[in-house]
Visitor: 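Questions regarding the structure given below will be posed in turn.
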Amino acid sequence: MADLPPLREVIARHGLSASKALGQNFLFDAQLLDRIAAIPGDLSGKAVLEIGPGPGGLTRALLKAGARVTAIEMDKRCLPALAELAEAYPGQLDVIEGDALKLDHGELMGEPFAVVANLPYNVGTALFVRWLGGEAWPPQWTSLTLMFQQEVAQRIVAQPGGSAYGRLAVLAQWRSEAKLAMKVHRSAFTPPPKVMSAIVHVTPADMPAGVPARTLERLTEAAFGQRRKMLRQSLKGVPGAVDMLEALGIDPQRRAETVTVAEFIELARALG
Ligand code: SAM
C-alpha cells in the first residue's frame with residue numbers, strides 16, 4: 001500500500017478550496033471511503049471508471065482495493081494532486097481532464113467496467129439517465145455505485161404507491177437491480193451539504209423481451225408528467241395506450257404511481 005500524506009494536507013498544499021459551482025463536497029474519512037469502495041465487490045485488477053475524483057479520497061480507496069482506475073475530472077486544480085496519486089500507484093491510475101457529460105465512456109474504457117462516483121446532484125442524475133437509457137443492453141458497465149442526495153436515492157429504489165415512485169424508479173428497475181447500499185451523513189463531507197446523502201448500487205439484469213426502451217420512456221414520461229391524473233387522461237398523447245390499458249385489464253382510472261414496473265413493461269411490450 002502506498003504511503004500517502006493526509007488528504008487535508010494535499011488539499012492545503014494544492015490550494016483546493018471547495019468550489020460551490022462544481023458541486024464540490026469532499027470526503028476525507030479513509031474508513032468510510034474503504035467501505036464505499038467495497039460496495040461493488042472485489043475490484044482487484046478490475047477496470048473502474050471514477051467520475052469527479054476531486055482531490056482523490058475515493059480514488060485512493062479504489063486504488064488500495066487493487067482497481068485499475070480511469071478518472072474523469074473537470075477541475076484543473078485537482079490534476080497535480082491526482083498526478084501524485086498516479087505516481088504512488090504506478091500503472092493503476094489514468095486521469096482524464098474533461099466533462100464526463102461530454103465523453104463517450106464506453107469508447108474511453110474499451111472493456112467492461114464498474115462505475116464509482118460521488119458527483120454533484122445534477123450531473124449524477126444526468127449521467128444516471130444516460131447509463132440506464134437507450135436500446136442497447138446489456139450495457140458495457142457491470143455496476144454503478146453512485147452517491148446521490150438521499151431523496152434522489154429513494155426515488156431510484158422506490159416501490160409503487162408513494163410519491164417517491166416515478167420515472168427514475170421505472171428506469172432503474174425495469175432491466176436492472178437497484179439497491180440502497182449505504183446512507184452517508186451530511187457531516188461526513190467537507191463542506192457539509194444541506195441534505196443527507198445515500199449510495200445506490202445498480203447491476204444490469206436481463207432485458208424483458210420485445211420491449212422497446214423508447215416506448216417505455218414515452219409511457220413513463222406521459223404517465224408521471226401528469227401523475228395526479230388518471231391514466232386514461234395522462235396517456236392520451238401516446239397512440240393506442242388508453243385502449244391497450246383496457247385490453248390488458250389495467251384500470252384506466254388508476255394513477256401512474258400505482259402502476260407497477262411489470263405493468264409498465266407489459267404495456268410497452270403490447271404497444272411495441
Ligand atoms: N470524489 C471526491 C470525494 O468524494 O471527495 C470529490 C467529490 S465532489 C462531490 C464532485 C467532484 O466532481 C468534484 O471534484 C468536481 O470538480 C467534479 N465534477 C463536477 N462536475 C463534473 C463533470 N461534469 N465531469 C467531471 N467531473 C465533474
Side-chain angles (χ1 to χ4, degrees), residues 4-12 14-40 43 48-65 67 69-86 89 93-105 107-109 113-131 144-150 152-153 181-201:
L4 296 164
L7 272 169
R8 285 182 195 278
E9 185 193 312
V10 172
I11 283 172
H14 294 285
L16 301 178
S17 54
S19 147
K20 224 177 180 181
L22 286 169
Q24 290 179 338
N25 302 94
F26 302 135
L27 290 170
F28 294 136
D29 179 342
Q31 274 184 7
L32 172 66
L33 289 161
D34 286 344
R35 278 171 50 218
I36 297 174
I39 293 172
L43 289 179
V48 170
L49 174 64
E50 188 193 357
I51 310 215
L58 186 52
T59 323
R60 287 180 178 206
L62 295 168
L63 294 167
K64 212 163 84 181
V69 181
T70 301
I72 306 175
E73 174 57 63
M74 69 187 293
D75 184 356
K76 270 194 181 63
R77 298 177 310 154
C78 297
L79 301 183
L82 293 168
E84 285 175 11
L85 258 190
Y89 286 90
L93 174 61
D94 204 2
V95 180
I96 290 157
E97 183 199 339
D99 181 345
L101 290 167
K102 294 190 181 148
L103 292 165
D104 182 329
H105 307 144
E107 198 177 279
L108 190 70
M109 300 302 286
F113 58 97
V115 177
V116 181
N118 171 19
L119 280 167
Y121 158 68
N122 54 341
V123 181
T125 311
L127 286 173
F128 186 79
V129 169
R130 193 169 116 190
W131 283 321
L144 307 174
T145 304
L146 309 170
M147 181 86 75
F148 284 105
Q149 284 180 218
Q150 192 167 297
V152 176
M182 190 192 289
K183 290 188 179 176
V184 184
H185 198 273
R186 51 187 287 280
S187 63
F189 298 86
T190 303
K194 286 203 182 82
V195 292
M196 297 294 189
S197 296
I199 298 177
V200 171
H201 182 62

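Order of appearance sets the numbers: ligands from 1, and atoms from 1 within every ligand. When reading the values below, keep in mind they use all heavy atoms of this one structure, side chains included, and skip hydrogens, waters and symmetry mates. Bear in mind that the values here come from a model prediction, so they are computed numbers and not experimental data.
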Visitor: So which pairs with a foot in residues 17-40 pass salt bridge (Lys or Arg N to Asp or Glu O under 4.0 Å), sequence neighbours left out?
Guide: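 Sorted result for residues 17-40: Asp34-Lys64.
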Visitor: Taking everything shown except Glu9 itself, do over 12 heavy atoms lie less than 6.0 Å from its CD?
Guide: yes
Visitor: Test: side chain to side chain donor-acceptor pair (under 3.5 Å). Region: residues 187-201. Which pairs qualify, not counting sequence neighbours?
Guide: Thr145-His201, His185-Ser187
Visitor: For Cys78 and Glu73, work out which heavy atoms get closest and say how close.
Guide: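 Shortest heavy-atom contact: CB-CG, 4.1 Å.
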Visitor: Look at the rings of Phe148 and Phe128 and say which category their plane angle falls in: under 30° parallel, 30 to 60° tilted, over 60° perpendicular.
Guide: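 Plane angle over 60°, so perpendicular.
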Visitor: Give a table of atom pairs where an N or O of ligand 1 lies under 3.5 Å from a protein N or O.
Guide:
residue: ligand 1; atom: 1 (N); partner: Gly52; partner atom: O; Å: 2.8
residue: ligand 1; atom: 1 (N); partner: Pro53; partner atom: O; Å: 3.4
residue: ligand 1; atom: 4 (O); partner: Asn118; partner atom: ND2; Å: 2.7
residue: ligand 1; atom: 5 (O); partner: Leu27; partner atom: N; Å: 2.8
residue: ligand 1; atom: 14 (O); partner: Gly54; partner atom: N; Å: 3.4
residue: ligand 1; atom: 14 (O); partner: Glu73; partner atom: OE1; Å: 2.8
residue: ligand 1; atom: 14 (O); partner: Glu73; partner atom: OE2; Å: 3.4
residue: ligand 1; atom: 16 (O); partner: Gln24; partner atom: NE2; Å: 3.0
residue: ligand 1; atom: 16 (O); partner: Glu73; partner atom: OE2; Å: 2.6
residue: ligand 1; atom: 23 (N); partner: Asp99; partner atom: OD1; Å: 2.8
residue: ligand 1; atom: 24 (N); partner: Ala100; partner atom: N; Å: 3.0

Visitor: May I have all residue pairs that pass salt bridge (Lys or Arg N to Asp or Glu O under 4.0 Å) and include part of residues 48-57, sequence neighbours excluded?
Guide: none
